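The block underneath contains the structure these notes are about, expressed in structure tokens.
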Amino acid sequence: MWRGVSSIVLLTAVVGLAGCELPPDDALARELAASRGRSLGTAIEAYHTTGGPDTDLVAREFDVVTPENAMKWAVIHPQRDVYDFTDADTIVDFAETNGQRVRGHTLVWHSQNPSWLRADLGRAELLDILREHVTTLVGRYRGRVEAWDVVNEAIDDTGQLRNTVWLEGIGTDYIEWAFRFAREADPTARLFYNDYLIERGGPKADAVHALLADLRSRDVPVDGIGYQMHALVPALMPATKDIVTEFERFTALGLDIEITELDVAIILPSDESELLDQADAYARAAMACLSVDRCRTIVTWGFTDADSWIDAHFPGFGDGLLFDRNRQPKVAYLRWRLVFWWNLHLE
Ligand code: XIL
């Protein structure tokens, strides 16, 4: 409660001191972010593109879309010799129609893989499969998917390389091969390593840093780091300055930063003070991004509380997004408008 109140007091003080006006009522968060050189995005499914209020909302509010599931192995490459591009094509076409950029997600992961993908296929076979998959996907959307999450979540929560079908079947070099295959298939796409819970430092962030430093030092083509930033009220969003400290040790490696899967879950039912804390968490993420020149894109993992992975994966949690169940902007959205309007960031 007090945190929510004090941040309102702080905002009021800022308005008072700076004598700033409020943003025009009809200015979208996206437009205000654009005036600061930032793009806002959301994860979507193909069913969001077929018309109706969700379609209108996505087209209106976002510059970037990420297919939430449509490009994952189990969906797009369900059998060894079968690809199904239906949903991915739908999303990429939709984005182009609406002048939006696409983040491709994801080429190599331990989860949502088809059952035919097994470590016992052996190194040579798995490398062939990886090359063929990456070349096929990245090649198909060459020039149309602007950034790829090439490798997702390769480090586990203790800071070790995660034991996956790739690590077990190929060995540690699966990571660099994935980036090389992707670069070859589309030299213009920016290539990302993507992971969660690395915005507050600690052993996992250190391990990701060591991994990316090593890849960069050997000219493996990795261009950026994606911070998923799945957060939770009240615990899991660090202070802006701590996020910036993390961002800066990665930009020092020559990497771009993107926030790729932002959401801020609340224990249901959410109340007003939790929604204020949530707005605070969204503001911290945005202010951190505004504070670092190489952070240019913020993507939320969905857009309305009616339709989010949180409810299915974390029973009892939800209400983590910018729009409520009736597609109305929440206080988090309104706070974003203020952050971008005032360009609130750390000097
Ligand atoms: C989630 C999707 O949102 C769900 O619909 C699906 O059932 C499981 O995956 N990190 C990631 C995303 O990189 O791909 C995950 O997406 C959420 C966590």
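None of these values were measured; they are calculated from a predicted model. Atoms within a ligand are numbered from 1 in the order they appear, just like the ligands themselves. Residue numbers count from 1 along this sequence.
- Through side-chain heavy atoms spaced under 4.5 Å, either directly or across other Ile, Leu, Val, Met, Phe, Trp or Tyr residues, I267 is tied to Y196, L197, L232, L236, W301, W309, I310, F314, F317.
- Residues in residues 223-253 take part in no disulfide bond (SG atoms under 2.5 Å apart) pair, two or more places apart or across chains.
- Pairing each heavy atom of L215 with each of E176, the nearest pair is CD2-CB, 4.1 Å.
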Mind listing the side-chain donor-acceptor pairs of residues 319-327 below 3.5 Å, one per line with the distance, residues two or more places apart or on another chain?
| from | atom 1 | to | atom 2 | distance (Å) |
| --- | --- | --- | --- | --- |
| D319 | OD1 | R325 | NE | 3.4 |
| D319 | OD1 | R325 | NH2 | 2.9 |
| D319 | OD2 | S270 | OG | 2.7 |
| D324 | OD1 | N326 | N | 2.7 |
| D324 | OD1 | R327 | N | 3.1 |
| D324 | OD1 | Q328 | N | 2.8 |
| R325 | NH1 | D305 | O | 3.4 |
| R325 | NH2 | D305 | O | 3.4 |
| R327 | NE | D54 | OD1 | 2.6 |

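- For ligand 1, the 4.0 Å heavy-atom shell takes in E68, N69, K72, H105, W109, Q112, N152, E153, Q228, H230, E261, W301, W309, H313, ordered by chain and residue number.
- A donor-acceptor contact closer than 3.5 angstrom is absent between the side chains of N194 and E153.
- Between W166 and W73, the distance from one ring center to the other falls under 6.0 angstrom.
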